Amino acid sequence: MEITLTPIRIGDLFNGFSNSEEEGVFGYGGKLNIRPKYQREFVYSEKQQKAVIDSIRKGFPLNVMYWVENEDGTYELLDGQQRTMSICEFLSGNFIVDWNGTLKSGINLTPDELAKFYDYKLMVYICRNGSDSEKIDWFETINIAGERLTKQEILNAIYSGEWVTAAKRKFSKTGCVAYKIGSDYMSGSPIRQDYLETAISWLNNGNVEEYMAAHQHDSNADELWLYFNNVIQWVQTKFIKKRKEMKQVPWGLLYNKHKDDKLDANDLERRVSELMKDSDVQKKSGIYAYVLDGDEHHLGIRAFDDNTKREVYERQEGICKICGKHFEIEQMEADHITPWHAGGRTVAENCQMLCRDCNRRKSGK
């Protein structure tokens with residue numbers, strides 16, 4: 001693999017620039033593919049875009065970029081998409097910056113300002129005669145020092161192909177269809193691949209890479225999309241009131257386990273509402289799993305605080321309520337006399353101090 005450092009004028013980079021959702025993003029006279037399949041979506045903030053333009057205006061150097069030359073003489077942008085898109089979108093008139101006290105976009109620059117901007121040289125390392133595996137390895141290596149890629153963005157690069165392209169169309173665009181139907185039930189950002197990663201993880205019980213490796217060469221992502229739709233429809237049908245806590249629930253995993261259960265939506269809502277008002281329930285998002293399987297571990301039931309433990313310990317004079325032996329407070333644990341699920345509260349009147357062995361045996365029953 002041959003790598004050479006090549007200066008590229010911004011004017012040449014912008015020549016023939018086109019940004020089409022369906023046809024892709026190209027520049028450099030149509031020879032540079034700015035957004036190949038393995039690239040992340042555009043994630044720079046407006047502040048970051050303006051900083052790129054300001055650096056060029058002042059003649060400050062930008063970090064080097066990386067291109068790959070294909071056998072037919074065209075190029076793929078391996079690293080530097082965020083800076084390249086910032087430059088081209090500015091010159092296209094899509095955002096403005098403070099240009100020596102005047103607000104301007106690329107289409108408002110005077111001829112001499114534009115000429116100077118066009119003449120700015122970007123430093124580009126161009127990789128030639130490399131295999132696909134070498135390109136991907138280079139891609140992962142050079143991004144270590146920059147803005148960190150998410151794990152899913154790395155996987156999109158490694159398993160690029162028709163399947164990734166189809167999946168990203170549904171799950172990875174700003175305002176994508178997955179976001180439109182699932183944003184009330186999911187957290188994260190589509191363009192940072194959170195929605196795609198979550199959907200695959202749900203479908204394949206947490207093993208995202210395994211699923212992507214198996215489906216890399218599929219012509220579509222219909223299986224994933226159908227599954228995701230089924231999950232969201234199940235949630236909407238069974239849990240009829242939307243709450244912010246829903247965004248933290250692993251809905252796909254609950255769907256996998258309980259999709260065939262006979263569930264009454266009104267009864268579920270009544271139970272969820274009661275638990276939301278229970279101050280002993282510390283993890284409200286866990287309520288949804290609890291009403292399905294009854295496991296209290298989902299709820300993070302409030303523990304007795306140190307003051308309560310000391311109060312009860314002194315009242316018991318350090319005697320374990322079960323075995324009747326004396327222990328130091330550090331050797332004892334607080335226990336609900338009446339369990340939480342039977343209506344017991346986390347208050348001093350419902351607390352007893354047990355030695356560790358007795359509390360473990362009691363909890364294991």
Side-chain angles (χ1 to χ4, degrees), residues 1-44 48-49 51-53 55-57 61-95 105-107 109 114-143 145-147 149 153-154 156-158 160-162 164-165 168-169 172-173 191:
M1 184 169 67
E2 176 188 353
I3 300 173
T4 57
L5 182 60
T6 307
I8 303 291
R9 291 178 63 254
I10 282 181
D12 296 329
L13 171 71
F14 185 63
N15 177 37
F17 173 72
S18 64
N19 185 356
S20 170
E21 182 70 21
E22 296 300 324
E23 301 301 325
V25 185
F26 294 89
Y28 201 56
K31 294 193 296 182
L32 173 65
N33 185 352
I34 295 174
R35 187 176 294 166
K37 294 175 181 178
Y38 48 76
Q39 272 286 8
R40 63 167 56 165
E41 299 300 311
F42 186 62
V43 296
Y44 260 15
Q48 289 172 305
Q49 293 180 70
V52 172
I53 304 306
S55 294
I56 296 171
R57 180 180 66 83
L62 294 176
N63 289 339
V64 294
M65 301 181 186
Y66 300 82
W67 296 5
V68 171
E69 184 175 10
N70 299 315
E71 292 181 358
D72 61 0
T74 62
Y75 302 89
E76 293 180 0
L77 195 154
L78 191 63
D79 182 72
Q81 181 198 182
Q82 313 300 313
R83 284 160 283 158
T84 299
M85 289 294 294
S86 297
I87 293 167
C88 294
E89 291 294 331
F90 169 73
L91 288 172
S92 298
N94 293 327
F95 67 92
S105 70
I107 61 176
L109 298 179
L114 184 61
K116 184 178 179 181
F117 197 87
Y118 273 173
D119 282 339
Y120 181 98
K121 291 183 174 61
L122 303 167
M123 293 295 105
V124 179
Y125 280 110
I126 298 180
C127 166
R128 297 178 173 88
N129 304 317
S131 67
D132 288 344
S133 61
E134 287 176 317
K135 295 175 187 177
I136 295 301
D137 182 57
W138 196 31
F139 175 81
E140 292 183 271
T141 302
I142 62 179
N143 272 282
E147 184 175 353
L149 293 174
E153 287 171 329
I154 296 267
N156 288 352
I158 295 172
S160 63
E162 289 186 63
V164 165
T165 300
K168 288 175 66 177
R169 191 175 296 118
S172 305
K173 306 290 184 181
I191 64 172

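Hydrogens, waters and symmetry mates play no part in the numbers below; they use all other heavy atoms, side chains included. Along the sequence shown, residues are numbered consecutively beginning with 1. Note that the structure is predicted; figures quoted are calculated from it, not measured.
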Item to check | CA sep, side-chain torsions, deciding dist, call: Leu91, Leu114, side chain to side chain contact (heavy atoms under 4.5 Å, CB included) | outcome: CA-CA 9 Å; Leu91 288 172; Leu114 184 61; 4.0 Å; yes
[X] side chain near [Y] side chain, heavy-atom distance below 4.5 Å:
X: Pro7; Y: Met123; result: yes
X: Ile87; Y: Leu122; result: yes
X: Leu109; Y: Phe90; result: yes
X: Arg83; Y: Met65; result: yes
X: Val52; Y: Gln48; result: no

Contact summary for [X] and [Y], nearest pair of heavy atoms:
X: Gly73; Y: Lys31; result: O-CD, 4.4 Å
X: Ser92; Y: Phe14; result: OG-CE1, 3.5 Å
X: Gly27; Y: Ile34; result: N-CD1, 3.8 Å

Next on the checklist: Determine whether Tyr125 and Leu78 satisfy the following criterion, side chain to side chain contact (heavy atoms under 4.5 Å, CB included), listing intermediate values before the conclusion.
Outcome noted: CA-CA 10 Å; Tyr125 280 110; Leu78 191 63; over 6 Å; no
Please report the interatomic distance [atom1]([X]) to [atom2]([Y]), rounded to the nearest 0.5 Å.
X: Asp119; Y: Arg9; atom1: CG; atom2: CZ; result: 4.5 Å
X: Tyr120; Y: Ile8; atom1: OH; atom2: CD1; result: 13.5 Å
X: Ile3; Y: Glu69; atom1: CD1; atom2: CD; result: 13.0 Å

Can you sort out the partners of [X] under side-chain contact (heavy atoms from CB on, under 4.5 Å), two or more places apart, ordered by chain and number?
X: Asn15; result: none
X: Ser18; result: Phe26
X: Ile107; result: Ser105

Next on the checklist: As a quick check of understanding, evaluate side chain to side chain contact (heavy atoms under 4.5 Å, CB included) for Ile53 and Phe117, giving each step before the final call.
Outcome noted: CA-CA 9 Å; Ile53 304 306; Phe117 197 87; 4.1 Å; yes
Item to check | Set of residues satisfying ring-ring contact (aromatic ring centres under 6.0 Å, His included) with respect to Tyr75, sequence neighbours excluded | outcome: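 Tyr75: ring-ring contact (aromatic ring centres under 6.0 Å, His included) contacts with Tyr28, Trp67.
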Item to check | Under the side chain to side chain donor-acceptor pair (under 3.5 Å) test, residues paired with Asn63 that sit two or more places apart | outcome: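 Not a single residue meets the side chain to side chain donor-acceptor pair (under 3.5 Å) criterion with Asn63.
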Checklist entry - Excluding sequence neighbours, so at least two apart, what forms side chain to side chain donor-acceptor pair (under 3.5 Å) with Thr74? => result Asn70, Asp72
Checklist entry - Given Glu89 and Asn19, is the side chain to side chain contact (heavy atoms under 4.5 Å, CB included) satisfied, shown in steps? => result CA-CA 9 Å; Glu89 291 294 331; Asn19 185 356; 3.0 Å; yes
